[in-house]
Engineer: 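Below: one structure in structure tokens.
Quick note on labels: first sequence line is chain A, next is B, and so on, each numbered from 1.
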There are 2 protein chains.
Amino acid sequence: MTGATETTAESFERGGGIAVWRRIADAIEAEIAAGNMAQGDKLPTEATLAQRFGVNRHTVRRALAALAADGAVESTRGSGTFVGSARIPYPIGPSTRFSAIMTAEGHVAGAELIGAETVAASRVVAEALEIEEGAPVLQVKLKRLSDGMPVSLGTSFLPLPRFAGFPEALRAQGAVTPALKACGVQDYSRRETRISARLATGAEAATLQLEAERIVLMATGLNVDDAGVPIQFTEALFAASRIELVVGSGL
Amino acid sequence: MTGATETTAESFERGGGIAVWRRIADAIEAEIAAGNMAQGDKLPTEATLAQRFGVNRHTVRRALAALAADGAVESTRGSGTFVGSARIPYPIGPSTRFSAIMTAEGHVAGAELIGAETVAASRVVAEALEIEEGAPVLQVKLKRLSDGMPVSLGTSFLPLPRFAGFPEALRAQGAVTPALKACGVQDYSRRETRISARLATGAEAATLQLEAERIVLMATGLNVDDAGVPIQFTEALFAASRIELVVGSGL
DNA sequence: GGCGATTTGTTCGTATGTATT
DNA sequence: CAATACATACGAACAAATCGC
């Protein structure tokens, strides 16, 4: 590596307004953005960086953790820390079909049913599905895979008794659209999507095969059938380091 | 010697699969979700929580930091840690007008020009604006306010010489739409929006009046005039703790 | 308004666990 | 198996902001 643009310890002294770990994080990020490091390149070890910046290893770790949260870098225990990879575009629109999207991008799509159970509709779910609060709804959790790598973690609520046969159909078909068709839904579309971002909980991180403290994009929305009747209230989590949501673009 | 670490329901012993700080974070989040604590309520002090969970204060801080990143809690030095507040919906669509949105929601909108300078178009910008790479473009940075509180931080690129008078018009008008009109753009619309999430850099956090290490939603997009000619490549940052993006819904 | 106690923020030091090479 | 490298946790000290008296 070139030591030409190396930042010296001089500028990272303690007690200068902005925290040292943040200045280090920005410095490393700038280094990557400047194109000095390519995707997948290995960063110096934490110990090396600590020595280079003249700080404790904790301080470097704090900086690296901030960069790892959004995928700028990826750390692997025992191996090292590496420059992260680009995000896969994921179109969001009136007709969003996971399998179709991934196939079009050249990936192998898959869906794995994690669980299905009957629960009482919460206020939010009931309002969206236009049913009574407390009415029985089917809660389905599924993991979506692209080339075997978990991409999203979805929780859906479907009204009963209309979709009582959905879990079995999903298990049999392996994708949502044909399973809905088996329940008599010829076509469906997305009415509204709300997008927010937060950190993954422990269970979510484990399911998505994410390291700790990673950012997820949360897209909640309502699907309606061709008659405009709400059929599915969904909440999908995407690893922000792997996915970029795309809105519009002629869809 | 660890005999009498009575504490709460669960024991948070070391070395059991999932990290202690994560289990504590999930426990506190569950506590909030259960409705035991309302918006703005003060959490116990870090020292108290550390004692209660039988861990070091660092471990509690790690858990609280995870919750603070997405706004579940908010910490203030010298004061304490409090339960965070709800997010404001922000519609994204073909015709997104900040001032109109905020006024409709009952807020007072404002835009503050941070900087305007002529730069050479990068590959990404050039491609979007359909101009030559390296051609001069106007880079405008502005901060959008709602009721005086910073909501978003935007960077726009506009082709020259068409929009040479834009900064002056923006300064005079105080909003983007009339400023564009002054440059001869009768109407414009959004062609595509890409949404991702990451952590704010030091400078961004400062401008948005965010604490360190907070999550931001990044929406990049292209605006075209009524003739379909690209006029503005924009990148807007939103504090994920304050904003929720809304796509669709009859817009 | 001043001042000390409280509370969160940052950094260093140390030790140990665990996965990779 | 040993060395390397990241992950987690504890302890100590001090800085900086706030709050109550």
Engineer: When the nearest nucleotide of DNA chain D is assigned to A:G80 and to A:H58 on a heavy-atom basis, which residue is associated with the more 5' position?
Structural biologist: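 Mapping each residue to its closest nucleotide by heavy atoms, the 5'-most match is A:G80.
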Engineer: Any sub-3.5 Å donor-acceptor pair from A:D41's side-chain atoms to A:V83's backbone N or O?
Structural biologist: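 Side chain of A:D41 to backbone of A:V83: no pair is present.
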Engineer: For A:R77 and D:dA5, what is the distance between atoms CZ and C1' respectively, to the nearest whole Å?
Structural biologist: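 Rounded to whole Å, this separation is 10 Å.
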Engineer: To the nearest Å, how far apart are A:E74 CD and D:dC6 C1'?
Structural biologist: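 Going from CD in A:E74 over to C1' in D:dC6 covers 14 Å.
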Engineer: Assess the side chains of B:T234 and B:S156: does a donor N or O sit below 3.5 Å from an acceptor N or O?
Structural biologist: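 No - no donor-acceptor pair under 3.5 Å links their side chains.
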Engineer: Let's see if you can work this out: which of D:dA9, D:dC10, C:dC12 has an atom nearest to the side-chain heavy atoms of B:N56?
Structural biologist: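 Out of D:dA9, D:dC10, C:dC12, the nucleotide with an atom closest to B:N56's side chain is D:dC10.
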Engineer: Report yes or no: is there a donor-acceptor pair, N or O only, under 3.5 Å between the side chain of B:R57 and the base of C:dG9?
Structural biologist: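 Donor-acceptor pair under 3.5 Å: yes.
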Engineer: Walk me through it: do A:R198 and B:E29 pass the test salt bridge (Lys or Arg N to Asp or Glu O under 4.0 Å)?
Structural biologist: CA-CA 13 Å; A:R198 59 178 177 80; B:E29 187 163 53; 5.6 Å; no
Engineer: May I ask you to decide if B:P150's main-chain N or O and B:R242's side chain share a donor-acceptor pair within less than 3.5 Å?
Structural biologist: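 Looks like yes, one N/O pair under 3.5 Å.
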Engineer: Looking at C:dG9, D:dA5, D:dC10, which one has an atom nearest to any side-chain atom of B:E46?
Structural biologist: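 Of the options given, the side chain of B:E46 lies nearest C:dG9.
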Engineer: What nucleotide among C:dT8, C:dT11, D:dT8 has an atom nearest to a side-chain atom of A:V20?
Structural biologist: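 The closest nucleotide is C:dT11.
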Engineer: Rounding to an integer number of Å, can you tell me how far B:Q51 CD sits from D:dC10 P?
Structural biologist: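 Between P of D:dC10 and CD of B:Q51: 14 Å.
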Engineer: Let me spell it out: for each of A:T59 and A:G78, pick the nucleotide of DNA chain C with the closest heavy atom. Which residue's pick is nearer the 5' end?
Structural biologist: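 Nearer the 5' end of the strand: A:T59.
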Engineer: For the side chain of A:R61, counting heavy atoms from C-beta on, which of D:dC6, D:dG11, C:dT10 is nearest?
Structural biologist: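 The closest nucleotide is D:dC6.
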Engineer: Without decimals, in angstroms, what is the distance between A:R62 CZ and D:dT8 P?
Structural biologist: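 It is 14 Å, rounded to the nearest whole Å.
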